[in-house]
Protein chains: 2
Amino acid sequence: MISDFVFDFRFTGAIGPEVLGGKAFGLAKMMQMGINVPAGFTASTEACKLYYDQNRDLPETFWQEVDDHLDKLEAQTHKKLGSETDPLLVSVRSGAPVSMPGMMDTVLNVGLNDLTVEALASSSSNRPFAFDSYRRLLQMYGEVVLKINSGQFEYELNKLMVDPNLSNPAEIPIEALEELVNTYKLIITEESGGQFVQNPREQIRNCITAVFDSWNGKRARIYRRNERISDDIGTAVSIVAMVFGNLDEESGTGVCFTRNPSTGEKGLFGEFLQSAQGEDVVSGTRTPDSVLAMAQVLPAAYTHLVEHAEKLERYNSDMQDIEFTVQHGQLFILQTRDGKRTARAAVKIAVDFANAGLISIEEAIMRVDPADLSQLLLPQLPSDHKFNVAAHGLAASPGAAAGFLTLDADFAEERAKSGDPIILVRPETSPDDIHGFFVADGILTAKGGLTSHAAVVARGMGKPCVVGCKSLDIDLDRREVSLDGVIVSEGALITIDGTSGSVILGKPELSEPSTDIELDLLLKWADSRRRLRVMANADTPEDAANARKFGAEGIGLCRTEHMFFGEDRLPKIQSMILAADKESRTEILAELQPFQSEDFFKIFQEIDQDQVIIRLLDPPLHEFMPNRADVADSEVIRRIDELLEVNPMLGMRGCRLGLAYPEIYEMQVSAIADAAINIHELTDQWPQVKIMLPMVGFSTEMERLRCSTEETLQKHGILGIQIGMMVELPRTCLAVDQFINSADFFSFGTNDLTQTTLGFSRDDAEHRFLDSYLDTGILETNPFETLDKPGVGQLIGIATRSLSRTSRNVEVGACGEHAGDPASIDYFNELGLSYVSCSPFRIPVARLAAAQAAIKT
Amino acid sequence: MISDFVFDFRFTGAIGPEVLGGKAFGLAKMMQMGINVPAGFTASTEACKLYYDQNRDLPETFWQEVDDHLDKLEAQTHKKLGSETDPLLVSVRSGAPVSMPGMMDTVLNVGLNDLTVEALASSSSNRPFAFDSYRRLLQMYGEVVLKINSGQFEYELNKLMVDPNLSNPAEIPIEALEELVNTYKLIITEESGGQFVQNPREQIRNCITAVFDSWNGKRARIYRRNERISDDIGTAVSIVAMVFGNLDEESGTGVCFTRNPSTGEKGLFGEFLQSAQGEDVVSGTRTPDSVLAMAQVLPAAYTHLVEHAEKLERYNSDMQDIEFTVQHGQLFILQTRDGKRTARAAVKIAVDFANAGLISIEEAIMRVDPADLSQLLLPQLPSDHKFNVAAHGLAASPGAAAGFLTLDADFAEERAKSGDPIILVRPETSPDDIHGFFVADGILTAKGGLTSHAAVVARGMGKPCVVGCKSLDIDLDRREVSLDGVIVSEGALITIDGTSGSVILGKPELSEPSTDIELDLLLKWADSRRRLRVMANADTPEDAANARKFGAEGIGLCRTEHMFFGEDRLPKIQSMILAADKESRTEILAELQPFQSEDFFKIFQEIDQDQVIIRLLDPPLHEFMPNRADVADSEVIRRIDELLEVNPMLGMRGCRLGLAYPEIYEMQVSAIADAAINIHELTDQWPQVKIMLPMVGFSTEMERLRCSTEETLQKHGILGIQIGMMVELPRTCLAVDQFINSADFFSFGTNDLTQTTLGFSRDDAEHRFLDSYLDTGILETNPFETLDKPGVGQLIGIATRSLSRTSRNVEVGACGEHAGDPASIDYFNELGLSYVSCSPFRIPVARLAAAQAAIKT
């Protein structure tokens, strides 16, 4: 025979899970390690492919192999199929190369028939156990092999189980149980037109075929399509000697983790049920004990379990999730796999394993998903909370917050005076609401996208925020809201989760941010391995403090516009915009300058000698004006209308604004100079400040603005401040070499670059078609979260390579939203960028992701 | 001496204008051809550079060269400087390598002094002429060499010229004239602190230095900066023997073209003044005769002029603009250059020269500026009209139109019934005004940019249009408008010029489109030389007819949205948009289908067997809804608000719309299929139709739309229609290879591509900052008119190269506004595109530009 289709667990050699199936591969591996697992063999995925290639048929040579292995299994277990004294029973289980839990079929207790059931009854001295096992076989065989609807079997069983004293079919009086077995056999005869097959080898043969059939069952096909698993890999089938946890009082079954999957603490953690089979643990008919209880009832098996757990953990270099059964005092491990864990446990386990020398520091760094870290740093809604989610919106700023519902900023401010936590709920927000943001613990809006005012300001402040909550209706007259039809009055307690976008009535217990020393250690290791510098986007002294706390190496993007939204500044900005001429504009700007200067001073103080990159004003001026509908003054309305643009994203903003109103940038640069001078007077050191110009597209723009910026700095006697630019337009990427003499550094603004490269206005796309593109698979990932490599990524690549070819060695970074996304950070690292700058709460994510990127290359 | 700084016109050999200066180069060339020009020599641009290198000083060796050449000039002219019988007089003229008309200084009659003026008086027997010449020298020398303000000289002259009988200073009574000369000499003494220099050689020396100084005068420097002429090239100075057209009745002066510069007809065309100097022609104090009059008064000189004109034209292979003077019957040519001409003349002259074998056909093609051709094809406002321009707006659609001012579409329709020409004047237009467009001869709006509804629709219809006319205020209550403050009532006659953007009260005579046979011939020659195919953007059967008339090889872009704006369709489109569900939407679409089908049928009929590329619906749906302010129905308002986007340019449009509402494209594709079938039934031929999808960014979009388009076509039994896509997003350019299997052809939409690549919303940019960018030189050209090569051009290059590397040989074209711009066509040709598609009226421009591009490479 040219190829073997069937493999004994003891002799699989180097054959991998793609042939053996994952389950058999694991059992074979354990067996080869000396772990006690049930004997068995597997019919490989090749057999499955053959089955389908031959139009759902298998050659006699295959069945010959199966028979040979059944002979060997009989020899190994000292039992015989069909034996009337000590019959061999087996399970026939599916097992694909990748896990597809519950998607295919399995049949247990195969080998039982009218004769062997009696043998099992007497050998186990447990007649109800034997007949219950036979009953289970009949039902599973009926369903899986004969495709009989399970309802009929369950109907008959339920008729008996109505007795409230019964917690388990095995407790059914034996006469009734034997009667039930007969009823099941009748159902099979009626439904399939034939008797239940008594020959064990014929049973096994039919089960194998049925499992192969289940590979193409509807459930399995849908699952594979969703999980993007190929239809071609096929499943293997394991035939394993049955062990019974429900044989007697010295038997039992359980599942356990080798470490606590919530905290990562070392020690067994899991469940155990004496005298029970695995499905009893899963079905919840009996409440299991802690696995630790096993030490009392089955001490020898427990000691064995502890030893095996240690061995499996060492062998797999990771925390394990183990299924086991004790049969008459003997421990069998049925399955082991790397255990799922919380982010906190993942960190502790990775660090503990590395500290114990079980894995390298690089491996520990690679073990933790960077995206999970943000969970650890913000209050979270526990995943098991029992509250109803009343509505869903867009997750605009992560973290959960609970507080009293307030419908306007004034009331929020009033209410906050008493120290109450506040959730500010608005149709949408404008700069007029800014005093509400300051006192709120969270913000919820009915309208707006992920770049709406509410979203941007909340993220800047690090406050949880949900926007675009469509089922939220606000009735300001009645001072109440409707959440998907449920009326909630102002002052009620609600919770928002800016990580998931959900809105909850009431207040669940929130999990507090982690301060584990293991996290610190892991991030220190990450810092020592990464090449990319990680800086923070920070607009205020508070942001700057957060940035330092989370380990940022300076501020890579300080947006000056957010400073204008303060209650004391906004009216001035508005009158500046309304000013009739340059003189009056300059006058009002002079009043604003001390505010900006003080902001910069405080940020410089906070950030000490780290770098601070300040970006001059970027957004269109109309964003500072109140909502048109809220204005009575016709002059203000006229001016708002004048400023409004058809496509403001592509309009009068960024350096275009700076060139049209040079006095604005002049004020900002003067404020930077003043702040630097004040710092120098106080500390005798100059802050490491740089100035960055937004939305630059043409070298002439940059040359003129560089010139005027330097002039202003010189007026204040300041020299040598680096002047750089954002690269956020496709043109700028393509022609970046034109800027090499006028810009000292470059920073990719990937948000804007994504909008222009893809022609997606983020505000519009999200609600209008992006969701549907993601749902229908036109897009696989949201390009505003993970960098679109073929488009945006390629532009960044073109620009980076072009800059590296110039003789000038300039710094190149990225400061868009993608700078905090692990996949994008990986790409930035690959391109050789110098730094990424992301929001303070993403800093640990970025530190870890940057280390992983460096390790991978 | 290593280098010669001074060159006799007779012996300049191969020295070029960069050394001799343009003027001296021209005179030397003519002299060498045997044309009679005044004797002289030139101090080269090298001398000028030396002068500035030596800190405004020249070495004695240079002056020695000048003296030597003056000696030779005396010998050549048989006159002597300072002679008391027959004095040599010269002009000292500036002459840079490139023309800088009027920007530097010139002194005439140099060599006159208190003695030689008497000699001139007696040798010419014309004492007033001699003293007037001396007066002129004194004033010019005073101004140019001694920097005396001209006001003093003019004041004294004007005191004498108040006598209404005097038309010319030479007519001043001789005593007063001599007295004036003395007054001038006094002014010089007072202002310069020295006597007027009597030594002719010293006069010449001072004049040469003064001319070199004028190279760095303020006027010259500003002119060079504006014209981008280097400051380093310097000027030459020509010293030329004076000839006098005002010597006697056998003298005279004139300027003439060798062909009519308006029509291109062969024959002298220009002006002549008997007994006058050149400046008399220019100053307009006397009205010149036609140059033809010279045949009577100076027949010998005239014959000579005709001969010289022919010789100069042949030598220079182009129509010439000649300045000449006759001195005592002898003709001197003072200057010749290629003459400026109208577009019509340019065509005729180029074709005539080629037909006469004087230039090649390629040279004839290169001679005509393609941009000028559009002038020839539309009614134009003559450049010399005497009407006041009442206001300026944006030139949205070329050509001029006159008609009666009407303030709404209904009234326009009413008024048009009487056959009156109509100008529709609106604050801005919407689809509701479409019946007004049909009857109007021109459209004028107060608001909107070059892509506003009015602009797009008017261009599509080929009607003149001016938009964004800021000084236009419309008072619909009083049925009148204010144009920059002037009140004009409805019904008044006005004229708009969509080529320049001007608005005129009243109606000048408009020049009608040209139908010259020379233009046809030139374009036929162009067709035989070009490689790029030229197709038309045409949305209606009328457009298609125009396209064929102007020589388009098919329709490269048929925009289906314009078909929806018809009076009979718009209400249906609106109810389709308002439809509550897919069923009712599909129902209304079924009603629209016959309209679309008929449109396509008529276009297919019109275009016969040429290609027609139909683009499916592109604009956002909200564009079809009426202006929000004009709507009362709250449901319609709600729907408009729902459709409105923050940045519609980057929103739900193009294929995104087609994917969201598949029934729309299905209707359009069905209509195409029906029309094709009807054509086939009628003519037994299939139209050469292709279908194009707009705004494609992802291969999945294209794959799905291709699939559904093919399905729809198959339902109608149609196979083999090519399905292509617009390339109008940066991502699409960068990842164009991803589309190679789903698109059969590609067309760059350069308007949209420019918007996204540069981050310029055209609507916003034009009013807000683009104008100022162009004014202040941040941008040199409007990127919406001429392709931005470093950005947009590079993207197109990347995409084109990427497509040419694939194994599939696909057609690639361009159909944005740039497809009608010569500079951009040149680039498209260089990149190897297959075709360009532009508006019908630009077709001749594109045909010629494509030929020039092919000839250049």
Side-chain angles (χ1 to χ4, degrees), chain A residues 449 451-452 620 643 645-654 656-657 659-660 695 697-701 703-704 728-735 737-738 752-753 755-765 767-769 772-773 776-780 783 788-795 798, chain B residues 449 451-452 620 643 645-654 656-657 659-660 695 697-701 703-704 728-735 738 752-765 767-769 772-773 776-780 783 788-795 798:
Chain A
T451 47
S452 62
L643 292 170
E645 294 177 298
V646 185
N647 297 284
M649 195 63 74
L650 308 176
M652 180 71 156
R653 48 171 294 216
R656 301 163 189 173
L657 198 64
L659 285 159
M695 204 74 184
F698 299 91
S699 55
T700 38
E701 291 173 331
E703 283 154 15
R704 291 183 194 198
E728 46 190 342
L729 292 170
R731 185 187 200 277
T732 317
C733 293
L734 292 162
D737 52 332
Q738 296 185 350
D752 268 297
L753 194 54
Q755 297 199 84
T756 44
T757 305
L758 273 54
F760 276 12
S761 156
R762 183 164 186 168
D763 277 324
D764 302 312
H767 279 97
R768 302 293 306 282
F769 60 87
S772 129
Y773 269 28
T776 59
I778 291 180
L779 287 176
E780 287 181 24
D788 167 65
K789 271 202 206 178
V792 184
Q794 213 180 139
L795 278 176
I798 288 171
Chain B
T451 49
S452 63
L643 291 172
E645 295 178 298
V646 185
N647 296 285
M649 196 62 75
L650 309 176
M652 180 71 155
R653 48 171 293 218
R656 300 162 189 174
L657 197 65
L659 284 158
M695 204 75 183
F698 299 92
S699 54
T700 39
E701 291 174 330
E703 284 153 17
R704 290 182 196 199
E728 46 191 343
L729 293 169
R731 185 187 199 277
T732 317
C733 293
L734 293 161
Q738 297 184 351
D752 267 298
L753 194 55
T754 298
Q755 296 199 85
T756 44
T757 305
L758 273 55
F760 277 10
S761 156
R762 182 163 188 171
D763 277 325
D764 303 313
H767 278 98
R768 303 292 306 282
F769 59 88
S772 129
Y773 269 27
T776 60
I778 291 180
L779 287 177
E780 286 181 24
D788 167 64
K789 271 204 209 179
V792 184
Q794 212 179 139
L795 278 176
I798 287 171

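The sequence lines fix the lettering, A, B, ..., with proteins before strands; numbering per chain opens at 1.
- L643(B) and R768(A) get closest at one heavy-atom pair: O-NH1, 3.4 Å.
- Distance check, rounded to the nearest 0.5 Å: CZ of R656(A) to OG of S772(B) gives 12.0 Å.
- For the set L795(B), L650(B), V646(B), the entry with the most heavy-atom pairs within less than 4.5 Å of chain A is L650(B).
- Residue contact with chain A, scored on non-hydrogen atoms closer than 4.5 Å, involves the side chain of I798(B) exclusively.
- If you measure heavy-atom distances from R704(B) to chain A, the contacts under 4.5 Å come from the side chain alone.
- Counting all heavy atoms, side chain and backbone alike, L734(B) lies closest to T757(A) at CD1-CG2, 4.4 Å.
- Expressed to the nearest 0.5 Å, how far OH of Y773(B) lies from OG1 of T700(A) amounts to 7.5 Å.
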Inset, instruction - Show the numbers, then the answer: is there a side chain to side chain contact (heavy atoms under 4.5 Å, CB included) between L729(A) and F760(B)? - result: CA-CA 10 Å; L729(A) 292 170; F760(B) 277 10; over 6 Å; no

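- Of the two parts of E701(B), the backbone and the side chain both hold a non-hydrogen atom closer than 4.5 Å to a non-hydrogen atom of chain A.
- The candidate with the highest count of non-hydrogen atom pairs below 4.5 Å against chain A, out of G654(B), G777(B), G697(B), A765(B), is G777(B).
- For L753(B), no part sits under 4.5 Å from any heavy atom of chain A, backbone or side chain.
- Heavy atoms of T776(B) lying under 4.5 Å from chain A belong to its backbone as well as its side chain.
- Contact of E703(B) with chain A is not made at all, since no heavy-atom distance falls under 4.5 Å.
- Applying the side chain to side chain donor-acceptor pair (under 3.5 Å) rule to S761(A) yields the partners D764(A), N647(B); only residues at least two apart in sequence or on another chain are considered.
- Contacts between E728(A) and chain B at a heavy-atom distance below 4.5 Å are absent for every atom of the residue.
- The CG atom of D788(B) lies 4.0 Å from the CZ atom of R731(A); values are rounded to the nearest 0.5 Å.
- When each of L779(B), T732(B), V792(B) is checked for heavy-atom pairs under 4.5 Å with chain A, L779(B) comes out on top.
- For the residue pair G759(B) and T756(A), the shortest heavy atom distance occurs at CA-CG2, 4.3 Å.
- In this structure, the separation between CG on L657(A) and CZ on F769(B) is 10.5 Å, given to the nearest 0.5 Å.
- Chosen from S699(A), A660(A), A735(A), P648(A), the residue pairing most often with chain B at heavy-atom distances under 4.5 Å is P648(A).
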